[in-house]
Novice: 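Supplied in structure tokens, the structure appears directly below.
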Amino acid sequence: GAVVSQHPSWVICKSGTSVKIECRSLDFQATTMFWYRQFPKQSLMLMATSNEGSKATYEQGVEKDKFLINHASLTLSTLTVTSAHPEDSSFYICSARDSQRFRQAGTEAFFGQGTRLTVV
Amino acid sequence: TQLLEQSPQFLSIQEGENLTVYCNSSSVFSSLQWYRQEPGEGPVLLVTVVTGGEVKKLKRLTFQFGDARKDSSLHITAAQPGDTGLYLCAGRGVGSTLDSRGSTLGRLYFGRGTQLTVWP
């Protein structure tokens, strides 16, 4: 199956600093990537949809100036948590859509392994 | 409001028992996916069902998509401790926009998840 790599797997940062999380599609091109946030024992909450070459679309209630998304190439999207605070501590997960396979199957989206962010 | 209602939220059973997880909605989905997630990792796709009434089997797991494409179920036969994990259903909405490659965009709506624990 398709591979999506997320880096780093975990990060600890001081309150007020910024953290960048990378999401890469390793063996396919992804015109669309999605960023999710997950709290312990809860489901995934979509934060934003990242489209290659255009601005990301943010879900209601998600601050676009705090969660900066850049999708500069067909294989890389980044999420930067700016001026992080302890309440931003969470598990962040990206997924990438295989545009070629998606068109054929109409269904596929593959997930990265997630990034555990702890703000102290 | 939760677009996809997943039940039960928690399930604790003995090895060898059968179980069913349900995913219900009042909305129609173009497809529905089932994922399994281990702690600290991203979700792993188990199956995608696309056609109303479709049934797919994956060893001891049986997935069914409702005729109206509004609900789905996951049945596990003779559960094993290795089946322990968080099971997530996700329905893909009917997309109305296109990405740069011409693929229709329909976001995934996740259920709340079912935490399954199988005791030896």
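The model shown is predicted, which means the values in this text are computed figures rather than measured ones. So you know, we letter chains A, B, ... as the sequences are listed, proteins then strands, and number each from 1.
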Novice: A quick test of your reading: do over 12 heavy atoms of other residues, nucleotides or ligands sit less than 6.0 Å from NZ of A:Lys55?
Specialist: no

Novice: Are A:Trp35 and A:Ile93 connected in the hydrophobic side-chain network, where two residues link if heavy atoms are under 4.5 Å apart?
Specialist: no

Novice: Check each atom of B:Glu38 against the heavy atoms of chain A and say whether the ones under 4.5 Å are side chain, backbone, both or neither.
Specialist: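 For B:Glu38, there is no contact with chain A at all, as no heavy atom is under 4.5 Å.
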
Novice: Any sub-3.5 Å donor-acceptor pair from A:Ser43's side-chain atoms to B:Gly113's backbone N or O?
Specialist: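 Side chain of A:Ser43 to backbone of B:Gly113: no pair is present.
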
Novice: For B:Val55, what are the other residues in its hydrophobic cluster, where any two members join if their side-chain heavy atoms are less than 4.5 angstrom apart?
Specialist: none

Novice: Which of the residues B:Ala90, B:Pro39, B:Gly42 is involved in the greatest number of heavy-atom pairs with chain A at under 4.5 angstrom?
Specialist: B:Gly42

Novice: Do A:Tyr36 and B:Leu45 share a hydrophobic cluster, counting only Ile, Leu, Val, Met, Phe, Trp and Tyr and linking them when any side-chain heavy atoms are less than 4.5 Å apart?
Specialist: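 In one cluster: yes.
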
Novice: Are A:Val120 and A:Val81 connected in a single hydrophobic cluster, I mean Ile/Leu/Val/Met/Phe/Trp/Tyr linked by side-chain heavy atoms less than 4.5 Å apart?
Specialist: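 As far as the 4.5 Å side-chain criterion goes, A:Val120 and A:Val81 are not connected within one cluster.
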
Novice: Using the side-chain hydrogen bond (donor to acceptor under 3.5 Å, both in side chains) criterion, which residues pair with A:Gln6? Sequence neighbours excluded.
Specialist: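 In terms of side-chain hydrogen bond (donor to acceptor under 3.5 Å, both in side chains), with neighbours along the sequence ignored, A:Gln6 is linked to A:Thr115.
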
Novice: Determine the minimum heavy-atom distance between B:Gln37 and A:Phe91, stating which atoms define it.
Specialist: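 For B:Gln37 and A:Phe91, the tightest heavy-atom pair comes out as NE2-CE2, 3.9 Å.
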
Novice: Measuring from B:Gln115:CD to A:Gln42:CD, what's the distance to the nearest 0.5 Å?
Specialist: 12.5 Å

Novice: So if you build clusters from Ile, Leu, Val, Met, Phe, Trp, Tyr with side-chain heavy-atom gaps below 4.5 Å, do B:Leu46 and B:Val21 land together?
Specialist: yes

Novice: Are A:Val11 and A:Ile21 in one and the same hydrophobic cluster, where Ile, Leu, Val, Met, Phe, Trp and Tyr link if side-chain heavy atoms are under 4.5 Å apart?
Specialist: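 Yes, because A:Val11 and A:Ile21 connect within a single hydrophobic cluster, where side-chain heavy atoms sit under 4.5 Å apart.
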
Novice: Which pairs would a plain distance check flag for residues 58-65 of chain A, meaning a side-chain donor or acceptor within less than 3.5 Å of a matching protein atom at least two apart in sequence or in another chain?
Specialist:
{"unit_1": "A:Tyr58", "atom_1": "OH", "unit_2": "A:Phe67", "atom_2": "O", "d": "2.6"}
{"unit_1": "A:Tyr58", "atom_1": "OH", "unit_2": "A:Ile69", "atom_2": "N", "d": "3.3"}
{"unit_1": "A:Glu59", "atom_1": "OE1", "unit_2": "B:Arg107", "atom_2": "NH1", "d": "2.6"}

Novice: Under a 4.5 Å cut-off applied to non-hydrogen side-chain atoms, are B:Tyr35 and A:Leu44 in contact?
Specialist: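 A side-chain contact is absent here, since even the closest heavy-atom pair is not under 4.5 Å.
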
Novice: What parts of residues 70-89 of chain B touch chain A if we use heavy atoms and a cut-off under 4.5 Å?
Specialist: B:Leu86, B:Leu88

